[in-house]
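Here the structure is laid out as structure tokens; the discussion comes afterwards.
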Amino acid sequence: MHPTRLSAILSLLLASTVAGQWFFDPPPTVTLDNATFTGTSSSQNTDSFLGIPYAQPPVGDLRLRLPVRIANYTGNFSATAYGPWCMQHEMSLAQPISFPTLGVFYVNSTTAVTSAAGTAEDCLTVNVIRPNTATPSSQLPVVFWIYGGGFGIGGATFNGDGQVIVERSIAMGQPVIWVSLNHRLAAYGFLASEEIRAAGVGNLGLQDQREALRWVQRYIGSFGGDPTKVTLWGLSSGAISASFQMLTNGGNNEGLFCAAVMQSGAPLPVGGVEEGQAYYDDMVARTGCTNAPDTLECLRAVPGPEFKAAQDALPGFFAYQGLCGYPFFPHHDGTFLVDNPQALVRQGSVANVPFISSSCDDEGTGFSVDCPNNVTTEADFQKYLKDVCFKKADNSTIAQLAALYPADIPSGSPFNTSYNNALTPQFKRIAALVGDTLFQAPRRFFQNALSGKQIQWTCLSKRVKDTPIVGSNHASDLPIAFGGELTDYVINLATNLDPNGETVPGWPERRAEAPNILVFLDTFLGLGPRTKIDQDTYREDQMKALMALELQYPV
Ligand SMILES: *[C@@H]1O[C@H](CO)[C@@H](O)[C@H](O)[C@H]1NC(C)=O
Ligand SMILES: *[C@@H]1O[C@H](CO)[C@@H](O)[C@H](O)[C@H]1NC(C)=O
Ligand SMILES: *[C@@H]1O[C@H](CO)[C@@H](O)[C@H](O)[C@H]1NC(C)=O
Ligand SMILES: *[C@@H]1O[C@H](CO)[C@@H](O)[C@H](O)[C@H]1NC(C)=O
Ligand SMILES: *[C@@H]1O[C@H](CO)[C@@H](O)[C@H](O)[C@H]1NC(C)=O
Ligand SMILES: *[C@@H]1O[C@H](CO)[C@@H](O)[C@H](O)[C@H]1NC(C)=O
Ligand SMILES: *[C@@H]1O[C@H](CO)[C@@H](O)[C@H](O)[C@H]1NC(C)=O
């Protein structure tokens, strides 16, 4: 009997019970080059094609090299399971954290977040989720998700659930296709040194993203997608990544994307790859490569576990130097990024696509819970700023900045929480400064610099403000993005290059003369309005000071 007929009968028999009809249909397939990829029916409405390699495995001699284009596909492939995530940076907490609900980055003890698919150096795969009505002539808009994890942890399925987005897009009558990827992380993706610059192999994680975007151009049409309608979407390091995709190549985006959504991440003011030299040298020493004629060649030949152990010995986000001093942030390398990203913005090296850039109110709280417990006095605080975020700034500059972030508890972050949440005497102050330094000031800089030049929107989440200690923490807007209002805005943007639509409140563009910002309000007991339009001018003096400082002294 024809499987569809059989399933129709069975579904009648099963009436409204669990197993849906789709379960009995033949699995979906797609033809790429001369190959057949078999996916799964991930719901009644969607197909998934998972774990498809988009570049040659970056193993053996391809470790620490630019991603290499995948050969034409031939044969039959099973695309029914996610591929392993890229190797993680397993980092220790400076001390055990005993607070509940610290947000997505808060992992226990020495372990990294984990994936059901495990981790491997051979990790460069993409995943596609599409409406199951899509055919090669559908030309549906595409959202290209870049996960967050500080450039050190995470993977395609870490903090974005594409199934939710595709289902919602179908329900809205504006179907989109979801693409997610794994890209290299930490020492595998962001090792930095003069050797790295000379070899042109900096920012490999960003290069991986670019290669995956080229893969989308070649192949998404076969899934029913429109390669001219790709919206980048990222959270945290994924958002910073999306912004760097806008800045690279002199701002020429090669038609790879037409819009961007960047949640909690904007062009981070980073220094050159040479800033990572001490960490590079440390890894070289730990792997016995110090006397090698070519240390980079030597690192390529180091057995996997030794390379990983040398990486894991370097400080993580939770060490004293915290997020500001993370060893594996991107740097400008002369290849992917030819200057401090903020200088590139000023030079106009920016892809001219409409974009959304957003923040959470309390971006710095989660990253500050563990590092600053020996920072209790004004002098400690100023030393901390110098040690961690502004190593090259002189003491009077640091003192001026410190004065803009006073020690009085109600001024700190979680903002607008009075005397609550003061974990340590300087905690709320450090959280305010770290959040603004790494997230809010770079966003404001980016948006101000492009005001009047590019179409843009911005929003701020004050939801879940009552979360103890961390308030509206970094990534606390994930529920808005995956099943909340932001979902609809993103689907509208991907479809019409404008986030506005029937299902959501109006969202005016952020303009030079009116820097409108959509605020997702914390709603006590669900009463009252859930959003309002405000102006993106809060903490103006602090932001101006930080923007000036960061141009001069990148983190
Ligand atoms: C597909 O196979 C045919 C016949 O073997 C060959 O001529 C063609 O080049 C192949 N196409 C690709 C994209 O590999
Ligand atoms: C892949 O296929 C294209 C034709 O679709 C052909 O031009 C190209 O040479 C092939 N590449 C390789 C590496 O076989
Ligand atoms: C792919 O699968 C089909 C159907 O199962 C089979 O006929 C064909 O020989 C397979 N091709 C290869 C290259 O294995
Ligand atoms: C964290 O790790 C400690 C020690 O392994 C364990 O006792 C504790 O239950 C863990 N906490 C959580 C929230 O997993
Ligand atoms: C806090 O401890 C770190 C080491 O964990 C040290 O480097 C730093 O100097 C200390 N800060 C202060 C203000 O004592
Ligand atoms: C700057 O401040 C640090 C402590 O934060 C202190 O150790 C250092 O001596 C000061 N430098 C000057 C030039 O005053
Ligand atoms: C909330 O805190 C901000 C500091 O970011 C301040 O500018 C604002 O006035 C406060 N709002 C209220 C209602 O207290």
Side-chain angles (χ1 to χ4, degrees), residues 3 26-39 71-80 320-321 324-325 359-365 368 372 374-422 426 428-437 439-441 443-444 458 460-463 465-466 470-474 515 517 519-524 528-529 532 534-546 553:
T29 61
V30 69
T31 304
L32 308 181
D33 300 328
N34 282 346
T36 301
F37 286 75
T38 303
N72 290 336
Y73 301 109
T74 59
N76 291 335
F77 289 83
S78 168
T80 56
Y320 175 72
Q321 62 266 61
C324 271
S359 296
C360 294
D361 210 26
D362 303 304
E363 295 280 7
T365 47
S368 305
N374 64 351
V375 180
T376 53
T377 66
E378 180 67 33
D380 294 345
F381 178 73
Q382 293 193 22
K383 177 175 172 352
Y384 181 77
L385 291 188
K386 195 170 163 69
D387 283 356
V388 168
C389 289
F390 299 104
K391 297 183 190 70
K392 292 178 186 157
D394 62 38
N395 286 3
S396 70
T397 306
I398 295 281
Q400 283 164 22
L401 183 63
L404 288 168
Y405 287 86
D408 72 298
I409 287 168
S411 308
S413 177
F415 295 110
N416 310 107
T417 61
S418 183
Y419 288 90
N420 295 327
N421 303 315
Q426 301 281 348
K428 289 180 76 172
R429 187 184 193 189
I430 290 171
L433 201 119
V434 167
D436 284 354
T437 300
F439 300 102
Q440 299 233 32
R443 179 189 62 72
R444 177 111 18 115
T458 188
L460 176 71
S461 176
K462 297 190 176 190
R463 297 269 166 90
K465 187 59 119 175
D466 56 356
V470 295
S472 304
N473 189 19
H474 186 67
I517 187 167
V519 181
F520 292 105
L521 297 164
D522 198 23
T523 54
F524 182 63
K532 72 167 181 184
D534 215 330
Q535 299 298 293
D536 186 17
T537 51
Y538 54 89
R539 296 196 296 286
E540 189 74 339
D541 293 345
Q542 290 90 331
M543 298 290 186
K544 275 191 179 141
L546 278 173
Y553 307 108

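For ligands, and for the atoms within them, numbers begin at 1 and follow the listed sequence. Note: hydrogens, waters and symmetry copies are ignored here, and every other heavy atom, side chains too, is used.
Side chains of Leu546 and Arg444 form no contact here, defined as non-hydrogen atoms less than 4.5 Å apart. Between Asp362 and Asn473, every side-chain heavy-atom pair lies at or beyond the 4.5 Å cut-off. In this structure the side chain of Ser359 reaches within 4.5 angstrom of the side chain of Leu460, judged on heavy atoms.
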Which pairs of donor and acceptor atoms, one on a side chain in residues 396-406, lie under 3.5 Å apart (sequence neighbours left out)?
unit_1	atom_1	unit_2	atom_2	d
Ser396	OG	Asp394	OD1	3.2
Thr397	OG1	Asp394	OD1	2.6
Tyr405	OH	Asp436	OD2	2.6

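Ligand-side atoms of ligand 3 in range of Gly75: 13 (C), range being under 4.0 angstrom from any heavy atom.
Considering backbone and side-chain N/O atoms, Gln382 never comes within less than 3.5 Å of an N/O atom of ligand 6.
Every residue two or more places apart in sequence or in another chain was checked for a side-chain hydrogen bond (donor to acceptor under 3.5 Å, both in side chains) with Lys462, and none qualifies. With sequence neighbours excluded, the residues forming a ring pair (Phe, Tyr, Trp, His ring centres under 6.0 Å) with Phe77 are Phe37, Tyr73, listed by chain and number.
Side-chain N/O atoms of Asn34 and Thr74 include no donor and acceptor closer than 3.5 Å.
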When you pair each N or O of ligand 7 with protein N or O atoms, which pairs come out under 3.5 Å?
unit_1	atom_1	unit_2	atom_2	d
ligand 7	2 (O)	Asn416	OD1	3.0
ligand 7	2 (O)	Asn416	ND2	2.7
ligand 7	5 (O)	Arg539	NH1	2.5
ligand 7	11 (N)	Asn416	ND2	2.6
ligand 7	14 (O)	Asn416	ND2	3.0

